[in-house]
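Worksheet: one structure, shown below.
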There are 2 protein chains.
Amino acid sequence: MRPKLTDVAKKAGVSVTTVSRVINDYGYISQKTRENVMNAMKELNYQPNSLARSLHGKSTNLVGLIFPSINNPFFAELVEMIEQKLFAEGYKVILCNAGNDKDKEREYLRMLSANQVDGIVAGAHNLGIEEYNQVGLPIVSFDRKLSDQIPIISCDNYTGGKLAVEELYAAGARHIYFLGNPHQNGNPTDQRLAGYCDTLDRFGLTHHIHTVSFSESPSLKLFSIKKLLSESVADGIVCTDDLTAILVLQAAKELQIKIPEQLKVTGFDGTKLVQIYHPELSTIVQPIEDIALLLVNVLKERIAQPKEPLKQMQYTLPVTFLRRNSTFKLN
Amino acid sequence: MRPKLTDVAKKAGVSVTTVSRVINDYGYISQKTRENVMNAMKELNYQPNSLARSLHGKSTNLVGLIFPSINNPFFAELVEMIEQKLFAEGYKVILCNAGNDKDKEREYLRMLSANQVDGIVAGAHNLGIEEYNQVGLPIVSFDRKLSDQIPIISCDNYTGGKLAVEELYAAGARHIYFLGNPHQNGNPTDQRLAGYCDTLDRFGLTHHIHTVSFSESPSLKLFSIKKLLSESVADGIVCTDDLTAILVLQAAKELQIKIPEQLKVTGFDGTKLVQIYHPELSTIVQPIEDIALLLVNVLKERIAQPKEPLKQMQYTLPVTFLRRNSTFKLN
DNA sequence: TTGTAGGCGTTATCAG
DNA sequence: CTGATAACGCCTACAA
């Protein structure tokens, strides 16, 4: 059996109150008793039971992270960053990979509430507003509007779309395609698409919007990309994420289309992994560390003052463009 | 305030016992009262408090996952798989990225124990045996011996090293180098190295062992790899992980060394991500899903019968070789 | 400076 | 079939 407070108290020859006092470091305690108690705890290898303390009203220091999947390098890096920031603040993380699964997301939400987590970072968005409002916990959202009560942190998706088109245009492309998720309300892709469209308009070019479902298997995606490349006159492609962009590069290679001479390609996300292991890809870089930091800070604020009205509903962080060989021949 | 059992009881006009009965579905209850209670719960949006139930002796259904980092695609895929399997069994996951940080790993261990998790999957191994023995919780380890009481699941690292050498030899390489982590006791790389050495011996070839620290930055790694390639006569390289292998391919490209004609390269891990986005890399594929499943199953067994002596100390899962263009020119 | 006792939200053992 | 009530391990007024 695990040692409990009373065991320590008995061993140290004091009352539980005293032990509790040294653990939580409050009230008056003589140096001698404190040491006694400390020793007793060491000897018994005593660990206070978090459940019991939390039950009493102390917070659990647990935060739930709901994201689609950590197999996507972008989410992996974001989640890892968030975990680091939270750890530094004394929080521990419950990982909830919701996939595209409404039920799993709902079940996780229920579980997080049952486990009395202090707050939630929501990055998967299969569910509607109602379910998130029900929860009654501090929540911050990544990249999607969930409710009037839930602040949103995201990068400047609109500018991302704009920068990509400007880059391709500058590189000489005049038939610029958009390749990404199917349109869906509230999806970050929407803003990227808007940036794309507006900028094309500015240049007096025609829109070409192609959708590849995010959930489709990569080989299917690759197939439809090859179809697109061989049937179209595209000389520039704005992809809504890096992985899709890499598939475009692969397809181009197979079809002997020269990058960037015949076709220029941009990605979106700019994870370290892709930057390092696909150094040929030009891309829009999201400030992952800043996003993580802001998510954590805003969440902390909500946890500290859950009743306070939101100071700010939407936080938008700047993106940067990383030029590599897929748009301009360098060195 | 969150509704509690007594609120539901009051609303339904019954006692807490009765409510508890319908929640846990045991004992006799009339259909009518059951419905009453159900309705009351719905109306109040009642969620039982896990802390309280666990405090009473019920398990928390929480499992701690300690891994170095989910930024490495291999761990990302493994952790995601484990999370899926655990979710299916009703467990929730606390994510602990320990990095190379002894203190963080120790702190996480302490926290997991304090939070009364049901068990731990340990995949980061900065700490020694004593600390893991102290915990007094069901633990399973991935790829490293932690103690006599902790079962190990791993892939057949030795055969992996062997297969890699055999492939390179078959492809015509005679100056076969080993590139990976520095040697360290208990490290899975050790077995891969052993497989490499034994097989070279069998072929009557000389060992060439080069170490790149796992924790080094990729650009430093790339630098030392280029140095290696330009100074050596290597015509085959066994890498201990895919990411290193990709760096070798990059270095070769920069140095205008033709793959596979002049240099043949194998990786290790075989994640889906690398298979898809680096389809040119031959590699040893670890059975990630099977590993995850086995980790979860063995852990479940330990949780069910913590006192039982271990049935088996070591579980080794077979690896497979995936042949791609980095060893043999295909199609 | 230290100890006693009640309560946090549930479960489970007894009686009714 | 249902209801009191004593735990679970810890915290914290209130006493001493």
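Chain letters run A, B, ... following the sequence lines, proteins first, then strands; residues in each count from 1. Computed from a prediction, not measured in an experiment: that's the story for all the values here.
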Could you pick out which residue, B:Ala52 or B:Tyr28, lies toward the 5' side of DNA chain D when each is mapped onto its nearest nucleotide?
B:Tyr28
For a quick test of reading the model: is some side-chain N or O of A:Ser20 closer than 4.0 Å to OP1 or OP2 of D:dC11?
yes
Counting just side-chain N and O atoms, does B:Lys32 come under 4.0 Å of either OP1 or OP2 of D:dC1?
no
Any base atoms under 4.0 Å from [X], or only sugar-phosphate, or nothing? Heavy atoms, all strands.
X: A:Ser30; answer: sugar-phosphate
X: A:Thr33; answer: sugar-phosphate
X: A:Thr18; answer: sugar-phosphate
X: A:Ile29; answer: sugar-phosphate

Interatomic distance where [atom1] belongs to [X] and [atom2] belongs to [N] [whole Å]:
X: B:His56; N: D:dT5; atom1: NE2; atom2: P; answer: 17 Å
X: B:Arg21; N: D:dT5; atom1: CZ; atom2: C1'; answer: 13 Å
X: B:Asn115; N: D:dC10; atom1: CG; atom2: P; answer: 13 Å
X: B:Gln31; N: D:dT2; atom1: CD; atom2: P; answer: 11 Å
X: A:Met41; N: D:dC10; atom1: CE; atom2: C1'; answer: 14 Å
X: B:Gln116; N: D:dG9; atom1: CD; atom2: P; answer: 9 Å
X: A:Asn49; N: D:dC10; atom1: CG; atom2: C1'; answer: 8 Å
X: A:Lys58; N: D:dC10; atom1: NZ; atom2: P; answer: 13 Å

Would A:Lys102 and A:Glu105 count as a salt bridge (charged side-chain N to carboxylate O under 4.0 Å, His left out) here? Give the steps.
CA-CA 5 Å; A:Lys102 262 183 162 26; A:Glu105 187 169 349; over 6 Å; no
Could you check whether atom [atom1] of [X] has more than 12 heavy atoms from other residues, nucleotides or ligands sitting under 6.0 Å from it?
X: A:Glu89; atom1: CD; value: yes
X: A:Lys104; atom1: NZ; value: yes
X: A:Gln314; atom1: CD; value: yes

Can you label the angle between the A:Phe142 ring and the A:Phe75 ring as parallel, tilted or perpendicular, going by 30° and 60°?
perpendicular
Need two values: the first and the last nucleotide of DNA chain C, 5' to 3', having an atom under 4.0 Å from any heavy-atom of chain A.
C:dT1 to C:dG9
Is any side-chain heavy atom of A:Met38 closer than 4.5 Å to a side-chain heavy atom of A:Val22?
yes
If you define the side chain from C-beta out and look only at heavy atoms, does anything of B:Asn115 sit under 4.5 Å from B:Thr60?
no
With nearest nucleotide decided by heavy atoms, which residue, B:Tyr26 or B:Leu55, maps closer to the 5′ end of DNA chain C?
B:Leu55
